[in-house]
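In this text, all values refer to a predicted model and were calculated from it rather than measured experimentally. Every number for a ligand or one of its atoms is a count from 1 in the order of the listing.
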Amino acid sequence: MYFVVDDAGAVAGRSAGWIAEAIREAVGQTGGCSLALAGGNTPRRCYERLPALPGVPWDRVEFFFGDERAVPQDSPDSNYRMAWETFLSKVPAGAERIHRFEVERADLGTIAREYEALLPAALDVLILGIGPDGHTASLFPHSPALAERERLVVPVTGGEPLVQRLTITPPVIERAARILVLATGSAKAEAVARALEGEEDPAATPAALARNGTWILDRDAAAGLRSPPGPVAGS
Ligand code: 6PG
């Protein structure tokens, strides 16, 4: 399912509301919520809006990351830093419930094994982005990680910046109870169309793994879709 809204600001607002509602629903059902965050730039404006939203049981949320670059946590390329600066530092998210990839502490294989032991059998909420090449998290087209069916987290190298990374694997995406994909800008239009309407080929378009999630797109990112909804969904 996808929603098309006017622009990046509307994507930020609509996505923040979706995340808040997903957390409320998960906590209402089980008393808690495991939330995995996307990195990159697109979620930034969405995350900035989260602290102001009312009635979100932040103190019941376990925070994870869908992927992380192997950079210091204070690096401008750190997904943790972006999430911390935009909202984790502004909501009652106890440090013990924020599960950062501690990439500086050991080799990435060890960190991957330790992190996957923290993950639940199925995430309650998974936030993802999409790259112009169709990647999601740090699952890049034709990566061997796309064939991984046992491990939940693996080290990879790729992306922009071209660095070593840790990423969740396809089973984690397939098992997530609720998935939100955010995309803005014309640079994403072709990849969005492939992911949502093309032949379902995760090897070529890893974001197709999230095809059955909720996608919130601005008009530019939706421009390649065969049948974008008529009137712009609420923005
Ligand atoms: C990362 C992200 C990655 C991101 C896409 C889109 O660590 O790079 O997890 O999957 O979501 O690359 O990035 P932008 O939002 O910056 O376009």
Sub-6.0 Å ring centroid separation between F101 and Y115:
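For F101 and Y115, the ring centres are under 6.0 Å apart.
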
May I ask you to decide if A137's main-chain N or O and R165's side chain share a donor-acceptor pair within less than 3.5 Å?
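Not a single qualifying donor-acceptor pair exists.
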
S15 and its side chain to side chain contact (heavy atoms under 4.5 Å, CB included) partner, picked from V5, L180, T214
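Testing S15 for a side chain to side chain contact (heavy atoms under 4.5 Å, CB included) against V5, L180, T214 leaves exactly one candidate, L180.
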
Subject >> Candidates N79, T167, D67 - the one meeting side-chain hydrogen bond (donor to acceptor under 3.5 Å, both in side chains) with S138 >> reply: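 Among N79, T167, D67, the one that satisfies the side-chain hydrogen bond (donor to acceptor under 3.5 Å, both in side chains) with S138 is D67.
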
Please determine if R219 and D6 form a salt bridge, counting it only when a charged side-chain N lies under 4.0 Å from a carboxylate O.
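A salt bridge is present here (some side-chain N lies under 4.0 Å from a carboxylate O).
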
Is E21 paired with R24 through a side-chain N to carboxylate O contact shorter than 4.0 Å?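 Yes.
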
- Message: Strictly under 4.0 angstrom, heavy-atom based: which residues surround ligand 1?
- Response: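 Within 4.0 Å of ligand 1, protein side: G39, G40, N41, T42, D67, R69, N79, G129, I130, H135, T136, A137, R165, K188.
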
